[in-house]
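Report on one structure; see the data block that follows.
Because the structure is a prediction, the values reported are computed rather than measured.
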Number of protein chains: 2
Amino acid sequence: MKASSASASSVNPLQQLENQLCFPLYAASRMLTKAYQPLLQEFDLTYPQYLVLLLLWEHQERTVKELGEHLLLDSGTLTPLLKRMEQRQLISRRRDPRDERSVIIGLLPAGEALRQPTCRIPEQLFEKMGFPLMEFEALRDQLNNLLTRLR
Amino acid sequence: MKASSASASSVNPLQQLENQLCFPLYAASRMLTKAYQPLLQEFDLTYPQYLVLLLLWEHQERTVKELGEHLLLDSGTLTPLLKRMEQRQLISRRRDPRDERSVIIGLLPAGEALRQPTCRIPEQLFEKMGFPLMEFEALRDQLNNLLTRLR
DNA sequence: TAAAATTAAATTGCACACAATTGAATTTTA
DNA sequence: TAAAATTCAATTGTGTGCAATTTAATTTTA
């Protein structure tokens, strides 16, 4: 055994990708986002933009702060993303007259119009994955559980 | 009920964040990477850079292609990342003489030197999360399972 | 074996992500 | 209530991610 090289027997198991939680999380997240991509690009949406629309379809108006709280994203990410969506007239941005610090994001007709045509995307993706429903739900619940801890 | 607005009763449950698999995956991945950050910044490493080192600690030499296969990243991501690591003398980059298309990434002393001082990071993180071991392992295995499907 | 196809990295361009800072508005406090 | 502290969004700068293209090297095929 060479002292200076990493032979398999001397590898700390916790330093191996497959034994970590973070790596499969990191990789699966990117793979799943990539799986969304062909379905979303038909509507010229990125995944984070789609998430913003999901929230606005529930409530037509949200402040940047509220969007950030739900998506766990800060204004450094949201501001430019929302400006791109504003340019496409999917959403509106205006200061809250009652608190000029806040910016209210509103759903515009073009944003509302994407609601129906995109509504089957989650099912389509689920079918595409061929993941058993039980496992899907178990994984989802455990991830939401983890998320609560990390938040 | 206003016809034009999204009332709670008319929301497609599959279009709600908490019912999706992708969102908690996306959010948990970012949160967990963020949890790594304070531990990694002591060594001036980003999470993807740390992943490269984990692989090189197992095998001192890997081609860019091999790194990409393990990390599920392409050269568009890896090339600039590896160049930054090369500048810091953590790794070396050279063409494979037997196949000049390939670039071999080698572990340099400064990269090897990070191995011991970072070896407790996975445990530290695990302790920090306070996630029960059983759940940790179950989640990890399900994610690796999902990853296999998505790959 | 010469042309065609394939492969591996690099490059380009765009969109996140996020830490840190800034600036304006609001709230708290002395 | 005036000063201090806090809050919210925007900005700045760096580092991924990734699709698409390019370039060079190798392999396959006609």
Side-chain angles (χ1 to χ4, degrees), chain A residues 22-23 26-38 40-42 44-52 62-69 71-88 90-91 93-105 150, chain B residues 22-23 25-42 44-52 62-69 71-88 90-91 93-105 150:
Chain A
C22 194
F23 174 70
Y26 161 76
S29 171
R30 287 184 295 109
M31 291 301 103
L32 200 46
T33 301
K34 211 182 287 189
Y36 262 98
Q37 217 272 323
L40 288 173
Q41 79 173 353
E42 189 182 342
D44 199 18
L45 290 174
T46 64
Y47 182 67
Q49 289 170 10
Y50 169 68
L51 293 178
V52 167
R62 309 260 200 181
T63 62
V64 172
K65 178 180 157 67
E66 286 167 348
L67 291 173
E69 282 169 355
L71 302 178
L72 306 179
L73 292 171
D74 71 5
S75 67
T77 301
L78 286 174
T79 298
L81 184 157
L82 294 169
K83 282 182 176 175
R84 280 187 283 274
M85 294 180 75
E86 182 189 32
Q87 280 182 353
R88 292 178 49 201
L90 298 174
I91 61 165
R93 293 165 71 245
R94 65 176 201 284
R95 292 278 165 181
D96 183 341
R98 290 174 311 174
D99 184 342
E100 292 277 345
R101 289 173 305 181
S102 295
V103 167
I104 297 174
I105 304 301
L150 293 172
Chain B
C22 194
F23 174 71
L25 205 51
Y26 161 76
S29 171
R30 287 184 295 109
M31 291 300 102
L32 200 46
T33 300
K34 212 182 286 190
Y36 262 98
Q37 218 271 323
L39 302 174
L40 288 173
Q41 79 173 351
E42 188 181 343
D44 198 18
L45 291 174
T46 64
Y47 182 67
Q49 290 169 7
Y50 169 69
L51 293 177
V52 168
R62 309 258 199 183
T63 62
V64 172
K65 179 179 157 66
E66 286 167 348
L67 291 174
E69 282 169 357
L71 301 178
L72 306 179
L73 292 171
D74 71 6
S75 68
T77 301
L78 286 174
T79 297
L81 184 157
L82 294 169
K83 282 183 176 175
R84 280 187 282 275
M85 294 179 77
E86 183 189 31
Q87 281 183 352
R88 292 178 50 200
L90 297 174
I91 62 164
R93 294 165 71 245
R94 66 176 200 283
R95 292 279 165 181
D96 183 343
R98 292 173 310 175
D99 185 342
E100 292 277 347
R101 290 173 304 182
S102 294
V103 168
I104 298 174
I105 305 301
L150 293 173

In Watson-Crick or G-U wobble terms, with both distances under 3.5 Å, the base opposite D:dA24 is C:dT7
Looking only at the side chain of B:R84 (C-beta and beyond, no hydrogens), which of the listed nucleotides D:dG15, C:dA25, D:dA9 gets closest? D:dG15
Can a side chain N or O of B:R101 be found less than 4.0 Å away from OP1 or OP2 on D:dT23? no
Please figure out whether B:L73 or A:R93 has its closest DNA chain D nucleotide nearer the 5' end. A:R93
For C:dC16, does either OP1 or OP2 sit under 4.0 Å from a side-chain N or O belonging to A:Q49? yes
So do the side chains of B:L82 and B:L67 get within less than 4.5 Å of each other, counting heavy atoms only? yes
Would you call B:K65 and B:E69 a side-chain contact if the rule is heavy atoms closer than 4.5 Å? yes
When you measure from the side-chain N and O atoms of B:T46 to the phosphate of D:dT16, is any distance below 4.0 Å, counting only OP1 and OP2? yes
Between A:T79 and D:dA10, is there a contact of a side-chain N or O with OP1 or OP2 at under 4.0 Å? yes
Side-chain N or O of B:K83 less than 4.0 angstrom from OP1 or OP2 on C:dT11? yes
Could you label the plane-to-plane angle of the B:Y26 and A:Y47 rings as parallel, tilted or perpendicular, counting under 30° as parallel and over 60° as perpendicular? perpendicular
Both A:Y47 and B:Q37 contact DNA chain C. Taking the nearest nucleotide for each, which residue is further toward the 5' end? A:Y47
Check this for me: does the side-chain of B:S102 come within 3.5 Å of the base of C:dA8 through a donor and an acceptor? no
Check every atom of C:dA17, D:dA10, D:dG17 against the side chain of B:R30 and return the nucleotide holding the closest atom. C:dA17
For a quick test of reading the model: is some side-chain N or O of B:Y26 closer than 4.0 Å to OP1 or OP2 of C:dA17? yes
Of A:P80 and B:K34, the one whose nearest nucleotide on DNA chain C sits closer to the 5' end is A:P80
Ignoring hydrogens, what is the shortest heavy-atom contact between B:R88 and B:L45? Give both atom names and the distance. NH1-CD2, 4.1 Å
Re D:dC8: Watson-Crick or G-U wobble partner, both distances kept under 3.5 Å, found to be C:dG23
Expressed in angstrom and rounded to an integer, what is the separation of A:D74 atom CG from C:dC18 atom P? 7 Å
Whole angstrom is fine here: how far is it from CD in B:E100 over to P in C:dT6? 23 Å
Check every atom of C:dA15, D:dT16, C:dA9 against the side chain of B:R95 and return the nucleotide holding the closest atom. C:dA9
Side-chain contact test, heavy atoms from C-beta onward, threshold under 4.5 Å: evaluate it for B:T63 versus B:I105 and give yes or no. no
C:dA9, D:dA10, D:dG17: which one has an atom nearest the side-chain heavy atoms of B:K65? C:dA9
